[in-house]
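Values below: all heavy atoms of this structure, side chains included; hydrogens, waters and symmetry mates excluded.
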Amino acid sequence: MTLSAAVIILAVFAVGLALIVFGWRARRAAAASAVVALAPLPVVTEDAVEAAADPVDAISQRVAALLHDHERRLTDAFSHVREDLSGLKSDVEWLAGERMIEQAIALAQTGSDAEEIGQELGLSRDQAATIALFRKH
């Protein structure tokens, strides 16, 4: 192979490599601008725009605003979940209490004394005695 053929092959390789790097950078820049373009715009005052003349500062402020908005949405969602769980907990406790009272009444009607009712259902002696007193009549 002659020297000129080697130089031509090397030049073609260098141009191909340069085109690959250029295309990679253009695709990366397009993806970054697409992410920024698709995100909802936060409310920014004119003072903030003037203060953020540097593109890096503008992007970091926008990311900070988006993160703050995301954190607010998560906090709201978690507060709703806590409220729902609290309601479910109170409903389950109420149902368990109702079921325990029904069982205590059934035991009192079959002639069990307050001590047996308390031991069977885990009630205090006074609670079991009250249920037994009212259900015997």
Please find the pair of heavy atoms, one from Gln103 and one from Leu121, that lie closest to each other, and give the distance. OE1-CD2, 3.0 Å
Yes or no on side chain to side chain contact (heavy atoms under 4.5 Å, CB included) for Leu107 and Glu120, after CA distance, side-chain angles and deciding distance? CA-CA 9 Å; Leu107 287 172; Glu120 181 74 27; 3.7 Å; yes
Rounded distance (nearest 0.5 Å) linking atom [atom1] of [X] with atom [atom2] of [Y]:
| X | Y | atom1 | atom2 | result |
| --- | --- | --- | --- | --- |
| Gln119 | Asp113 | CD | CG | 8.5 Å |
| Leu88 | Glu93 | CG | CD | 11.0 Å |
| Ile117 | Ser124 | CD1 | OG | 11.5 Å |

Would a distance-only check, ignoring hydrogens and angles, find a side-chain to backbone donor-acceptor pair under 3.5 Å from Thr130 to Asp126? yes
If only atom types and distance count, is the side chain of Ser112 paired as donor or acceptor with the main-chain N or O of Ala108 below 3.5 Å? no
Sequence neighbours excluded, the answer for side-chain contact (heavy atoms from CB on, under 4.5 Å) partners of Arg72 is Asp69, Asp76
The criterion is side-chain contact (heavy atoms from CB on, under 4.5 Å); which residues satisfy it with Ala114, sequence neighbours excluded? Arg125, Ala128, Ala129
Can you get from Ile59 to Leu67 by hopping between Ile, Leu, Val, Met, Phe, Trp and Tyr side chains that sit under 4.5 Å apart? yes
Share the residues that join Leu19 in a hydrophobic cluster, the rule being Ile, Leu, Val, Met, Phe, Trp or Tyr side chains under 4.5 Å apart at the heavy-atom level. Val15
Within the supplied structure, the quantity of interest is the number of heavy atoms (other residues, nucleotides, ligands) at a distance under 6.0 Å from Glu71 CD; does it exceed 12? no
